[in-house]
Engineer: 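Next up is a structure, given as structure tokens.
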Amino acid sequence: MGHHVFKYTAGPWNIHTGADPFGPPVRDEVDFAEKVAKLKEIGYHGIQFHDDDVVSAEADVATTQKIAAQVKKILDEHGMIAEFVAPRLWEHPNTIDGGYTANDPAMRQYALDRSKRSIDIAHMIGTKNIVLWPAREGTYIREAKDPFTATQRCVDYINALLDYDKEIRIIGEMKPNEPMDHAYNPTSGHFIALAYKTIDPDRVGVNIESAHAILAGLDPSDEMAFALWHKKLWAVHLNDQNGLKFDEDKAFGSVNLRSAFNQVWVLDRYGYGANGEMVGFDVKALRTTTPEKRYQHLINSKRIFEHLLAVARSLDTATIESFRATRDYEGLELYIVEKLMGK
Ligand code: GLO
Ligand code: MG
């Protein structure tokens, strides 16, 4: 594989106030324009958006166009691109029971309308990528919704969006739980299976988040390889996670360096980025982080990625092959761990 240069992105939500379910903000909110300028300064190339990170979901068409144009102008002024728009189907009162799997048809219609509007916004800011994180498409108790019907509704929803706009791509970001007790289609594999049942499988792929794979008990690098083989890995949300608990969104590589290394290695080996895919970091600052350091987790994640890339590119393929040929996985393990220790 050619050694191309990776491009990095993050969302405005990754520079945040530190509010959590147990306490109020501890840092001021930062202006969008300042976030873009600072991300540019620390070596990022683009921004990810929820629809309402661009413009309020309540805005009328004229206001939406006006504000989206202002956002696009800020991006252009900094030479930054918009990577994707994700319809936020989990905060509005109409999405309490979920979006496209809600039991109430009026709520399902809201989810569809809002998603179509997100597609319009995506066009206005210059991206064809729609990310679908199905936050509330699942249940707290199994009897609440019908899981068979939910599967069909997911495909119907994707089809409706593919049909609404012939250029967009739907990129599923699967997560097994939180906020739901169990989400429908808890892994990327589930979503890829559904992709092939849609009206245009070539426009349906996945965004793999490290923490989401870990929460599902899966290895993120194997998950990425599976999607790469399907030519369906169109985005990543690299981060880290300390065991099975709430989604921590820790800085990439901050918990499990070897797992992070394997993610970087597989992405580099199989040409991730060659078709414009970006390296996204879905990371949160610690609540204890002071305002002056509010970008440090993004700086750290990128730097750790680059260090691990250097390690991956320093590996000797013949050495690895000879360990494999002699089934000397103990030797291979030491070789990799010493490389990670800089030995
Ligand atoms: C939450 C998700 C979330 C999405 C974002 C973009 O667990 O990781 O942050 O990545 O809403 O769809
Ligand atoms: Mg994410």
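For ligands, and for the atoms within them, numbers begin at 1 and follow the listed sequence. Sequential numbering from 1 along the given sequence is applied to the chain's residues.
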Engineer: Does the Lys NZ or Arg CZ of Lys35 fall within the cation-pi geometry relative to Tyr44 - under 6.0 Å from the ring centre and within 45° of the axis?
Structural biologist: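 Negative - Lys35 is either too far from the ring of Tyr44 or too far off its axis.
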Engineer: Angle at the Mg ion (ligand 2): provide the value between ND1 of His237 and OE1 of Glu209, rounding to 10 degrees.
Structural biologist: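 Answer comes to 110°, rounded to 10°.
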Engineer: Here's a test for you: under side-chain hydrogen bond (donor to acceptor under 3.5 Å, both in side chains), which of Arg153, Gln152, Lys145 qualifies with Thr101?
Structural biologist: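 Result for side-chain hydrogen bond (donor to acceptor under 3.5 Å, both in side chains) with Thr101: Lys145.
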Engineer: Which of the numbered atoms in ligand 1 are below 4.0 angstrom from a heavy atom of His237?
Structural biologist: 10 (O)
Engineer: Short question: side chain of Tyr335, backbone of Asp316 - any donor-acceptor pair under 3.5 Å?
Structural biologist: yes
Engineer: I'd like to check which ligand 1 atoms, numbered from 1 as shown, lie under 4.0 Å from a non-hydrogen atom of Asp247.
Structural biologist: 1 (C), 7 (O)
Engineer: Would you say Trp265 ends up clustered with Leu257 if hydrophobic residues are merged whenever their side chains have heavy atoms under 4.5 Å apart, either directly or through other cluster members?
Structural biologist: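 Same hydrophobic cluster.
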Engineer: Looking only at atom types and distance, does a side-chain atom of Arg203 sit under 3.5 Å from a main-chain N or O of Leu162, one as donor and one as acceptor?
Structural biologist: yes
Engineer: Are any of the heavy atoms in His212 under 4.0 Å away from ligand 1?
Structural biologist: yes
Engineer: Please find the N/O/S atom of Glu173 nearest to the Mg ion (ligand 2) and write down its name.
Structural biologist: OE2
Engineer: Enumerate the atoms of ligand 1 whose separation from the nearest heavy atom of Ala86 is less than 4.0 angstrom.
Structural biologist: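 So the answer, numbered in order with elements, is 12 (O).
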Engineer: Are side-chain N/O atoms of Asp282 and Trp13 paired as donor and acceptor at under 3.5 Å?
Structural biologist: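 Yes, Trp13 and Asp282 have a side-chain donor paired with an acceptor closer than 3.5 Å.
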Engineer: Under 4.0 Å, heavy-atom basis, I'd like to know which part of Glu173 is in contact with ligand 1: side chain, backbone, both or neither.
Structural biologist: side chain
Engineer: To which protein heavy atom is atom 9 (O) of ligand 1 closest, and what is the distance rounded to 0.1 Å?
Structural biologist: Asp282 OD2, 3.0 Å
Engineer: Here's a test for you: under side-chain contact (heavy atoms from CB on, under 4.5 Å), which of Met224, His4, Glu277 qualifies with Tyr272?
Structural biologist: Glu277
Engineer: Any idea which atoms of ligand 1 are less than 4.0 Å away from a heavy-atom of Lys175?
Structural biologist: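 Near Lys175, the atoms of ligand 1 are 1 (C), 7 (O).
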Engineer: Distance under 4.0 Å to a non-hydrogen atom of Val131: what atoms of ligand 1 satisfy this?
Structural biologist: 12 (O)
Engineer: Check Asp282 and report its N/O/S atom nearest to the Mg ion (ligand 2), by atom name.
Structural biologist: OD2
Engineer: If we set the cut-off at 4.0 Å for heavy atoms, which region of Arg88 has an atom near ligand 1: side chain, backbone, both, or neither?
Structural biologist: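 For Arg88, no heavy atom sits under 4.0 Å from ligand 1.
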Engineer: How does His50 reach ligand 1, by side chain, by backbone, by both or by neither, if only non-hydrogen atoms under 4.0 Å count?
Structural biologist: side chain
Engineer: Do Gln296 and Thr289 meet the criterion of a side-chain donor-acceptor pair at a distance under 3.5 Å?
Structural biologist: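 Looking only at side-chain atoms, Thr289 and Gln296 do not form any donor-acceptor pair under 3.5 Å.
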Engineer: State whether Asp249 contributes an N/O/S atom found under 2.8 Å from the Mg ion (ligand 2).
Structural biologist: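 No N, O or S atom of Asp249 is closer than 2.8 Å to the Mg ion (ligand 2), so no.
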Engineer: Purely on distance, is any nitrogen or oxygen of Glu209 under 3.5 Å from one on ligand 1?
Structural biologist: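 Yes, there is a polar N/O contact under 3.5 Å.
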Engineer: Step by step, work out the side-chain contact (heavy atoms from CB on, under 4.5 Å) result for Cys154 and Glu137.
Structural biologist: CA-CA 9 Å; Cys154 182; Glu137 315 308 330; over 6 Å; no
Engineer: Just jot down the ligand 1 atoms closer than 4.0 angstrom to any heavy atom of Trp90, in number order.
Structural biologist: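 Ligand 1 atoms under the 4.0 Å threshold to Trp90: 11 (O).
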Engineer: What's the separation between atom OG1 in Thr127 and atom CD1 in Ile168, rounded to the nearest 0.5 Å?
Structural biologist: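 Answer for the OG1-CD1 pair, Thr127 versus Ile168, is 10.5 Å.
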